Structures are given as C-alpha cells and as structure tokens.
Amino acid sequence: MDAAATGAVRVEKVRGRSALTQCFARYPLKLIAPSKVGPASCDAVWLYALTYGGGIVSVYKAVGSKCSEQLLEQARVGEDALLVVIPDPVTCFRTAQYYQKQVFQVFANSNLVLVDWFTSGRYESGEKWDFRFYKSVNHIFLGDQPLFIDSVLLEQGSNSTIAERMQEYNVIAMVVLLGPKLKHIQDQMQDEVRKLMSVQLRPPTSGGSRYAMRSQSSLHPQRPPLIASCSPFGHTGTGMVARVAAVSTESVYSFLRHHLAALEAFLGASPYSAS
C-alpha cells in the first residue's frame, strides 16, 4: 500500500457472501462499516466515509492559495459486481478552494452507480456561489481504455462571477449508471426525464391577438426549478449519465430518491431515504 494513502477497502466473496476483508483509514479519514443495513437476505456491504470535525477544514474557507483535495483512486469493480457511490452534496463555504478526483476500473459486466453533486454553498444563509474554485474529475476505465471522462470546473472570473453564470440555480448533480444490472433503472430514468422535460421546456402556444396582449413577464417565463438530461455512453450503450440543475437541494434529493429507489433490491435500503 502506498504510504501516502489515507484509506483502503476491499470487499470479496467469502463463503458465497460479500464481506469486508480489508478496511484501513488514517486521520483525517474515518471509515465506518455498519454490521447490518437492510434485511439479512441482502448481500451488500455498506461503508460510510467520514472526516473528523464534520468536513474537510479548508472547504470551510481557503487559507492563502491552499486547495483542499479529496481523491478516490483505483476503485476496482469486479466482474458481475456492483459498486454504489451515493454521497451527500459537496458544500463549499465562502472563499473555499476544492478539488476532487475519482477513478474507477471496470470489466465489461461490472456495475457502477456514481452520484457526484455540489451546491452553491450555504445559500439559505446568503452564501451563493461565493467559493473561489471547485473542480471535480471522474474517470471510468474499461481495462486500460477510457470509457467515461468527465470534468466540472467552476472558478471566479474577471468578466463574470460564478453566481452570474449560474443564475437562480443552486445545485448541480451528475448520476452515472453503468452495467447490465442497472439497465432497467437507466431505461426508466431516461423515459421519465424525457417526459418531464418535454412538459417543462415546451414553448408557449401562440394565441393570436391574445398572445400579443400578454405581459412582458409571460413572454419571458421563469426557468424550470429543475432541469435534467440523460445521455448514453459506451460502445454498446451500457452506460448512461444524467445531469441535473436545480434551484433547491431538496428537489435533487427527491429526484435521487425516486430514480434510485430500485437499488433497494441490491442494497437492502433505498438511497437517500433518510434525507
């Protein structure tokens, strides 16, 4: 193990059941593996990654030019295995600088659920897109070949602030679904998102002279409180990425609870059900 690593986890089949065979963490990382989540018949291992003090200190505020970093590297998902990464959103305080990178290696029949999302900050307290820098990188490799490469970068600019670019939206989320076990969830999410957006983004119908009499506000309707899109990836379309922009954190929690509810069959509990 690399001496610089702060944590390592291994889950393997032991007597036909998934078991945690290695779990190491060094300050400031803390790993908690609950003994039971969901019914005993469910073959899943749950793991919570925590940091002492409730967060990464420099995410609260940046010290000079220092940037807080969080890395999840070489997460290997075995054949026919399922890895589900479902964190709460990253919330950067005013002047924070934050960088994270996650790298996954999969087989052709591996299964992966990845949720990566962040908020504008403590926007209910008046901090809205006030951090200095945020970057999140996600790489998925099939063998040694890149399958999915994604990078999100937000930083304050000289011509416009992050808040000006984001308008009224306070939450950005990405959901990656990969693998044959998740095909039904992909199909359902794509279908429902398509229907939702066809209604929310439908242009106003022309009503002749009545349309001409509309107020200026009706000619420029408000943007939808939640916008989502779905796109397949991979040579055979085995992967799908959904992207969401929303006004409120709770609306994204509701989106995730609804569209990931079918994971309960694999995990023994529905993701974000307690949020």
Side-chain angles (χ1 to χ4, degrees), residues 55-56 58-63 65-70 85-102 114-139 148-176 189 192-194 196-204 216-231 233 240-260 272 275:
I56 302 174
S58 293
V59 173
Y60 296 152
K61 62 178 181 178
V63 179
S65 61
K66 291 183 179 179
C67 182
S68 298
E69 294 186 356
Q70 183 164 271
V85 182
I86 45 174
D88 287 323
V90 172
T91 296
C92 293
F93 285 34
R94 180 178 284 121
T95 76
Q97 298 184 111
Y98 177 74
Y99 168 76
Q100 71 174 26
K101 182 177 181 180
Q102 301 182 117
L114 169 62
V115 177
D116 185 14
W117 56 317
F118 60 98
T119 75
S120 62
R122 299 177 297 178
Y123 57 88
E124 294 180 349
S125 301
E127 292 186 7
K128 184 174 179 180
W129 303 117
D130 288 335
F131 53 83
R132 294 179 189 167
F133 175 90
Y134 172 91
K135 186 174 182 180
S136 178
V137 176
N138 290 286
H139 292 175
F148 179 83
I149 304 294
D150 183 83
S151 180
V152 173
L153 171 64
L154 289 176
E155 58 183 335
Q156 304 294 352
S158 57
N159 296 325
S160 65
T161 65
I162 299 174
E164 289 171 335
R165 281 172 269 157
M166 289 299 188
Q167 300 293 320
E168 64 265 42
Y169 293 105
N170 288 302
V171 188
I172 302 296
M174 180 183 75
V175 181
V176 173
M189 184 183 294
E192 293 188 10
V193 165
R194 182 171 55 250
L196 174 65
M197 290 299 99
S198 67
V199 172
Q200 294 207 26
L201 301 179
R202 182 178 297 156
Q216 187 69 17
S217 62
S218 65
L219 293 175
H220 300 280
Q222 273 194 326
R223 294 180 180 88
L226 184 145
I227 297 176
S229 67
C230 294
S231 304
F233 68 86
M240 186 204 76
V241 56
R243 302 186 188 275
V244 179
V247 172
S248 71
T249 306
E250 180 50 44
S251 65
V252 181
Y253 270 122
S254 296
F255 180 94
L256 295 172
R257 276 194 296 265
H258 173 69
H259 289 289
L260 301 181
Y272 300 108
S275 303

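For clarity, every value in this text was computed on a predicted model and none was experimentally measured. Below, each value reflects all heavy atoms present in this structure, side chains not excepted, and no hydrogens, waters or symmetry copies.
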Would you give the length of the straight line joining atom [atom1] of [X] to atom [atom2] of [Y], rounded to the nearest 0.5 angstrom?
X    : Y    : atom1 : atom2 : result
I162 : Q156 : CD1   : CD    : 4.0 Å
R243 : I172 : CZ    : CD1   : 10.5 Å
T161 : L154 : OG1   : CG    : 11.0 Å
H259 : E192 : NE2   : CD    : 5.0 Å

Looking only at atom types and distance, does a side-chain atom of [X] sit under 3.5 Å from a main-chain N or O of [Y], one as donor and one as acceptor?
X    : Y    : answer
Q97  : K66  : yes
E127 : G121 : no
Y169 : P225 : no

Taking C-beta and beyond as the side chain, do [X] and [Y] meet within less than 4.5 Å on heavy atoms?
X    : Y    : value
R194 : C230 : no
S248 : Y123 : yes
V244 : L226 : yes
S120 : M166 : no
D116 : Q100 : yes
Y134 : V90  : yes
T249 : P89  : yes
C67  : F133 : yes

>> Before you tell me yes or no, could you show the steps for S254 and H258 under side chain to side chain contact (heavy atoms under 4.5 Å, CB included), namely the whole-Å CA-CA distance, both residues' side-chain angles and the distance that decides it to 0.1 Å?
In response: CA-CA 6 Å; S254 296; H258 173 69; over 6 Å; no

> Between F233 and F148, how do the two ring planes meet: parallel, tilted or perpendicular, split at 30° and 60°?
Replying inline: tilted

>> Would you call the rings of F131 and W129 parallel, tilted or perpendicular, taking 30° and 60° as the class edges?
In response: perpendicular

>> Run W117 and Y253 through side chain to side chain contact (heavy atoms under 4.5 Å, CB included) and show every step you take.
In response: CA-CA 11 Å; W117 56 317; Y253 270 122; 3.6 Å; yes

> Looking at V175, N138, D150, which one forms a side-chain contact (heavy atoms from CB on, under 4.5 Å) with L114?
Replying inline: N138

>> With side-chain contact (heavy atoms from CB on, under 4.5 Å) as the test, pick out the partner of F118 among V171, V152, T91.
In response: V152

Show the nearest heavy-atom pair for residues [X] and [Y], with the distance to one decimal.
X    : Y    : result
Q167 : K128 : O-NZ, 3.5 Å
Y272 : L260 : CE1-CD1, 4.3 Å
V252 : A173 : CG1-CB, 4.0 Å
E155 : L153 : OE2-CD2, 4.0 Å
G126 : R94  : O-NH2, 4.1 Å
F255 : A228 : CE1-CB, 4.2 Å

>> One thing to verify: whether E69 and K135 come together as a salt bridge, which I'm taking to mean a side-chain N less than 4.0 angstrom from a carboxylate O.
In response: no

> With a cut-off of 6.0 Å (strictly less than), are more than 12 heavy atoms of other residues, nucleotides or ligands near NZ of K101?
Replying inline: no

> Are there more than 12 heavy atoms of other residues, nucleotides or ligands under 6.0 Å from atom CD of E164?
Replying inline: yes

> Run the side chain to side chain contact (heavy atoms under 4.5 Å, CB included) check on V176 and V241 step by step: do they pass?
Replying inline: CA-CA 5 Å; V176 173; V241 56; 4.2 Å; yes

